[in-house]
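Some notes on the structure that comes next.
Each chain gets a letter, A, B and so on, in the order the sequences are listed, and its residues count up from 1.
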Amino acid sequence: MAAVASMFPMQQRVSAQNDLIPEWMREEVSTGTTIMAVEYDGGVVIGADSRTTTGAYIANRVTDKLTPIHERIFCCRSGSAADTQAIAEVVAYQLGFHSIELDEPPLVETAAHLFKASCYRYREELTAGILVAGWDRRRGGQVYCVPIGGMLVRQPVSVGGSGSTYIYGFMDSNYKPNMTKEQCLELTASALTLAMERDGSSGGVVRLASISESGVERRVILGNQLPKIVSTH
Amino acid sequence: MATLTVNRPPQGGFCFENCKRNGLIEGEANKVGCSLPSARKTGTTICGVVFKDGIVLGADTRATEGMIVADKNCSKIHYISPNIYCCGAGTAADTEMTTQIISSNLELHALSTGRLPRVATANRMLKQMLFRYQGYIGAALVLGGVDCNGPHLYSIYPHGSTDKLPYVTMGSGSLAAMAVFEDRYKPDMEEEEAKGLVRDAIAAGIFNDLGSGSNIDLCVITKGKVDYLRPHDEANKKGVRTGDYKYKRGTTGVLTKVVTPLHLEVVEENIQTMDTS
């Protein structure tokens, strides 16, 4: 497949007559994004914004970036929409198959390793930053970070996506270990609100989910219900 | 005699080796001052909406080759299965062939399962194929249909990402059409209201986008029934000429008339019956 590989630099179309096709139609769809995941004692809280962009146009303003991989394992997707959707579907299949073989619910660590395997092997071709979060019986609530490039690391709290750069300071000063579920939900909602305020590629509604032994609770916070944070404007 | 050819398994699918060659040729052509012909793109406005009992899909009918209209009345709503239809924007050949391939595979799949195909199945097949070709197949699709789980509407992008939404627009005129949808969409509309909304959205694309034009096609899919309305609205009828450039017989006076018959000889006559069995 050397002939195909040598073609990769040729991303432009052959013809120059692209007046009728605006720039945002030719751009790849990207989940600009802010995503976040926090562990608490007994589970995890995950959150994401809802904006998908093609260039400067918002292709979907109500995207669900919190994708179920298994009953109590979710992933937060950032980067290329096509790449992350494809990887998530492959991992969901692999994990479902593995779970049937084991005849027991899979571990979050297993799901994270499956993501890492795909993201690392195809690291040159993919643009995918993923947070894997969930609950299992062995280790309770866990958050694993699989950024672009295919690293895998477990963290108690993690943020990702283009909007995450605006909230590192907020996270460093406001996150404390051993928070309750309610505190985690508040922290996530506030952090996402701040990021959506500042990042052009993040916006829409805030989607939250909390995963624990008892199951998954999903919540949506609409634009006018976002927490009001005192700001300069 | 030993041969030097290596036995390679037949490679299916498309081959893009000519793209590099085309790049070089274009470079040469630009030096001389001319440009290569471009692939025909459906400039396009396509959209879909979920209403109370099903789906309404809409599309314009203009196909452009650069700045010239190649086809004034092309059909952009493609058949996938009796209960699923797909509108296509982007490269005309890509949308046509991709929908035909998936339609064929879906029919085989339906025979294998013994059930009416589901829209989610068509969506999976399309997204997996487009992702496999990494965006080189320029097909942006609006897929809609009604199956055992109700009406479903998906938008599918050339790189293989999909969105499941109550209303979607694609194509160069999608911004104009989305403006109409964002203003007037309501959940659980009646059929006539939904048809009117889609018609207005496509009309917005036709009249405000250069790449879209001509007529409006609609496809209404409900449980057990499909209304393929082509054309639903001839928004751009060709004008009737109000003047006539022909001159009446006798306008020019005839001064002289000379008739010279041409002698033609029949040289050889040969009759061969065609075998049409």
Side-chain angles (χ1 to χ4, degrees), chain A residues 1-31 50-65 67 77 79-90 92-93 122 124-128 204, chain B residues 11 13-23 25-26 30 35-39 41-44 62 64-68 89-91 124 127-128 130-132 134-136 138 140 155-166 168-175 178 182 209-212:
Chain A
M1 279 286 125
V4 178
S6 70
M7 251 200 357
F8 262 47
M10 267 253 334
Q11 287 288 348
Q12 318 305 91
R13 288 184 193 274
V14 174
S15 166
Q17 289 268 29
N18 278 329
D19 316 334
L20 291 178
I21 316 294
E23 180 227 309
W24 47 262
M25 260 201 79
R26 286 172 273 143
E27 293 280 325
E28 193 185 328
V29 177
S30 125
T31 43
S50 70
R51 183 172 287 187
T52 321
T53 51
T54 37
Y57 178 65
I58 299 173
N60 187 352
R61 58 180 169 86
V62 287
T63 326
D64 186 7
K65 302 179 192 176
T67 309
R77 302 181 289 112
S80 155
D83 290 350
T84 53
Q85 283 183 11
I87 299 169
E89 280 166 17
V90 162
Y93 163 76
Y122 297 106
E124 306 299 327
E125 285 81 24
L126 296 172
T127 312
Chain B
Q11 286 178 334
F14 304 110
C15 173
F16 291 101
E17 284 181 3
N18 288 332
C19 288
K20 195 173 173 192
R21 175 205 72 174
N22 292 345
I25 293 176
E26 203 199 8
N30 284 336
S35 63
L36 290 174
S38 60
K41 296 189 197 298
T42 46
T44 305
R62 174 181 289 183
T64 50
E65 228 169 76
M67 279 311 223
I68 298 180
T91 310
R124 270 289 165 109
K127 80 177 331 186
Q128 285 178 350
L130 290 173
F131 184 75
R132 202 175 346 130
Q134 287 289 295
Y136 284 97
S155 66
I156 306 171
Y157 290 82
H159 284 265
S161 60
T162 65
D163 289 310
K164 185 174 194 301
L165 292 164
V168 295
T169 64
M170 297 284 260
S172 56
S174 65
L175 260 57
M178 185 52 91
E182 288 284 26
D209 172 50
L210 296 179
S212 311

| Top of B:Thr169, B:Asp163, B:Val168 for chain A proximity - count of heavy-atom pairs under 4.5 angstrom |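 Looking at each option in turn, the highest pair count goes to B:Asp163.
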| Who are the salt bridge (Lys or Arg N to Asp or Glu O under 4.0 Å) partners of A:Glu89, not counting sequence neighbours? |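 A:Glu89 satisfies salt bridge (Lys or Arg N to Asp or Glu O under 4.0 Å) with B:Arg124, B:Lys127 only.
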| Which pair of heavy atoms, one from B:Phe131 and one from A:Ala82, lies closest together, and at what distance? |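 Closest approach of B:Phe131 to A:Ala82, heavy atoms only: CE1-O, 3.7 Å.
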| said: Quick check: closest heavy atoms across A:Gln85 and B:Ser161, and the distance to 0.1 Å? | reply: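 The pair with the smallest heavy-atom distance is OE1-CA, 3.4 Å.
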To the nearest 0.5 Å, how far apart are [atom1] in [X] and [atom2] in [Y]?
| X | Y | atom1 | atom2 | value |
| --- | --- | --- | --- | --- |
| B:Tyr157 | A:Ser80 | OH | OG | 12.5 Å |
| A:Arg61 | B:Glu182 | CZ | CD | 4.0 Å |
| B:Leu175 | A:Ile58 | CG | CD1 | 10.5 Å |

